[in-house]
Amino acid sequence: MYYKIKTYGCQMNVHESEKIAGMLEAIGYLPCEEEDQADVVVFNTCCIRDTAEKKIQGNIGVLKSIKRQRKEMIIAVVGCMTQQKGAAELLKKKFPYVDIVLGTSNLADLPQAIEAKRRGKKSVLLQDSTMDAAVKLPVTRTSFPNAWVNIMYGCNNFCTYCIVPYVRGRERSRQIDDVVAEVDGLIKEGYKEITLLGQNVDSYGSDLANGENFAMLLERIAGIEGKYRIRFMTSHPKDISSQVIDVMARYDNICNNIHLPVQSGSSKVLKEMNRHYDRERYLAIIDELRSKMPDIGITTDIMVGFPTETQEDFEETLDLVRKVRFSNAFTFVYSPRKGTPAATMPQLDAATKKARITTLVAEQNQITKALSEQYIGKVYEVLVEDVAPKAEGAVCGRTESGRLVTFAGSADLIGQFVNVKITRSQSASLFGEIQ
Ligand code: 5AD
Ligand code: SF4
């Protein structure tokens with residue numbers, strides 16, 4: 001019996017799919033490449049923007065004809081999309097051949113839901129409970145030498161554009177000892193990079209009894225013996241502390257790399273987004289990061305077209321992008337999400353949004369290109385991650401700052417640290433040769 005998982009969205013979902021794989025393998029399923037060979041197909045969904053939802057719906061639609069020929073195939077839709085108000089009912093109406101719908105907090109129920117379906121139950125819909133942060137599911141890891149580790153679930157911030165707090169519930173931190181024990185085990189197993197995951201890692205511990213915080217967790221993990229790297233995401237400018245920045249700077253094994261979403265360069269828009277920091281505070285954090293870690297790679301998320309964004313606000317975003325010079329930026333057009341405050345405001349027209357994203361992307365591309373060129377001629381330690389997707393006889397990996405480097409080498413290098421001299425660059429990508 002075979003399974004296929006289709007994953008959409010963020011790293012949290014990528015890791016959740018590893019848990020889905022773990023649960024399916026525990027009840028006897030094996031992975032396969034194509035949906036049409038699978039006995040169980042799981043869609044692990046995202047609803048952060050309309051484009052994500054449309055794509056997923058299109059892909060569920062494709063299965064209709066396969067399911068008509070193979071009635072015993074089980075289709076499950078799980079994750080964020082199903083957790084929106086009314087979404088499960090809508091899914092069942094649009095795609096009546098979907099067998100199982102589970103919300104983000106009911107993931108652990110997937111094996112029982114599949115068993116029930118195989119025993120002939122008509123369809124299964126669950127989306128109510130709140131999964132405790134202590135629940136441990138089996139994991140089939142698929143991203144060696146990196147291992148994802150959840151440190152917390154949910155989000156309390158309610159940024160006015162964002163659906164996440166509605167579909168993932170309130171913040172729940174895992175116990176510090178549980179996280180440290182998991183990381184310790186992974187390093188002993190040979191993983192070389194640990195990426196800590198949370199919607200807002202900087203508020204880790206605020207719900208724990210003993211005053212633990214993210215800096216303390218980082219320090220405990222960095223003290224584990226061995227040669228490995230620590231990364232984490234996502235940081236929030238309203239909560240990041242000097243203590244966290246100091247710990248990052250103090251420990252060599254914590255990568256000098258941070259993803260710090262700014263969203264907008266306008267203090268007025270940031271206020272309307274409910275972000276709880278302003279432009280000046282954001283720039284001050286960048287200064288502190290760079291003064292303590294001069295070679296730090298900083299990436300960000302930026303949104304254009306928030307309902308109240310004027311041309312002047314947008315220009316402030318452009319100005320901030322020019323000032324900070326991010327290594328890379330993930331840029332998005334604001335997409336109204338039903339049930340969030342910003343969705344009820346008057347919206348900007350599509351042409352304005354399109355013009356702004358085009359200008360922003362062009363500006364950032366220039367910066368990314370110029371910063372990439374600065375790597376040329378220097379030697380960096382790279383952790384080899386995989387064979388290069390497009391080049392024969394080549395592998396790829398990352399510098400500590402988070403830059404992807406491609407160079408000649410074979411698959412047996414995966415999981416090793418090698419020194420690579422950078423010889424050329426192409427936008428955000430670097431190319432080099434082993435020293
Ligand atoms: N529309 C567009 N982008 C969004 N993001 C979050 N919500 C929305 C939305 N409604 C972006 C933010 C966030 C990233 C993960 O997705 O920039 O940091
Ligand atoms: Fe969404 Fe804001 Fe929470 Fe990030 S911090 S998940 S943008 S509500």
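We're numbering straight along the sequence, starting at 1. All values reported here derive from a predicted model rather than from experimental measurement. Read the numbers this way: they start at 1 and go in the same order the structure lists the ligands and their atoms.
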Any sub-3.5 Å donor-acceptor pair from Arg290's side-chain atoms to Ile285's backbone N or O?
no
Could you walk me through whether Thr368 and Asn365 pass the side chain to side chain donor-acceptor pair (under 3.5 Å) test, one step at a time?
CA-CA 5 Å; Thr368 302; Asn365 282 350; 5.1 Å; no
Measuring from non-hydrogen atoms of Thr340 to any atom of ligand 1, is the shortest distance under 4.0 Å?
no
Which atoms of ligand 2 have any heavy atom of [X] under 4.0 Å away?
X	value
Gln199	6 (S)
Phe158	8 (S)
His236	5 (S)

Compare Ile163, Ile48, Thr300, Thr160 and give the one whose heavy atom is closest to atom 6 (C) of ligand 1.
Ile48
So between Cys10, Gly198, Cys159, whose heavy atom ends up nearest atom 8 (S) of ligand 2?
Cys159
[Y]/[X] salt bridge by N-O under 4.0 Å criterion:
X	Y	result
Arg250	Asp246	no
Glu35	Lys6	yes
Glu309	Arg356	yes
Asp50	Arg337	yes
Asp202	Lys238	no

Can you report which non-hydrogen protein atom sits closest to [atom], along with the distance?
atom	answer
atom 1 (N) of ligand 1	Ser335 N, 2.9 Å
atom 14 (C) of ligand 1	Asp301 OD2, 3.4 Å
atom 5 (S) of ligand 2	Asn157 ND2, 3.3 Å
atom 16 (O) of ligand 1	Arg49 NH1, 3.0 Å
atom 3 (Fe) of ligand 2	Cys155 SG, 2.2 Å

Could you tell me if [X] sits above the aromatic ring of [Y], with its cationic atom closer than 6.0 Å to the ring centre and no more than 45 degrees from the axis?
X	Y	result
Lys227	Phe417	yes
Arg403	Tyr380	no
Arg424	Phe431	yes

Within less than 2.8 Å of atom 1 (Fe) of ligand 2, any N, O or S from Cys162?
yes
Structural part of Val164 in contact with ligand 1, heavy atom criterion under 4.0 angstrom
neither
Side chain, backbone, both or neither: the part of Tyr161 lying under 4.0 Å from ligand 1 by heavy atom
both
Residue Arg337 vicinity, atoms of ligand 1 by number, heavy atom under 4.0 Å:
10 (N)
Met303 neighbourhood, listing ligand 1 atoms whose heavy-atom distance to it stays under 4.0 Å:
3 (N), 4 (C), 5 (N), 12 (C), 17 (O)
Heavy atoms only, cut-off 4.0 Å: how does Tyr161 contact ligand 2, side chain, backbone, both, or neither?
side chain
Region of Pro165 that comes within reach of ligand 2 [heavy atoms, distance under 4.0 Å]
side chain
Could you check whether the rings of Tyr204 and Phe214 sit parallel, tilted or perpendicular, using 30° and 60° as the cut-offs?
perpendicular
Out of curiosity, is Arg275 lining ligand 2, as in a heavy atom under 4.0 Å away?
yes
Please step through salt bridge (Lys or Arg N to Asp or Glu O under 4.0 Å) for the pair Glu193 and Arg231, ending with a clear verdict.
CA-CA 7 Å; Glu193 183 180 75; Arg231 299 187 191 275; 2.8 Å; yes
Could an N or O of ligand 1 be found under 3.5 Å from any N or O of Gln263, whether backbone or side chain?
yes
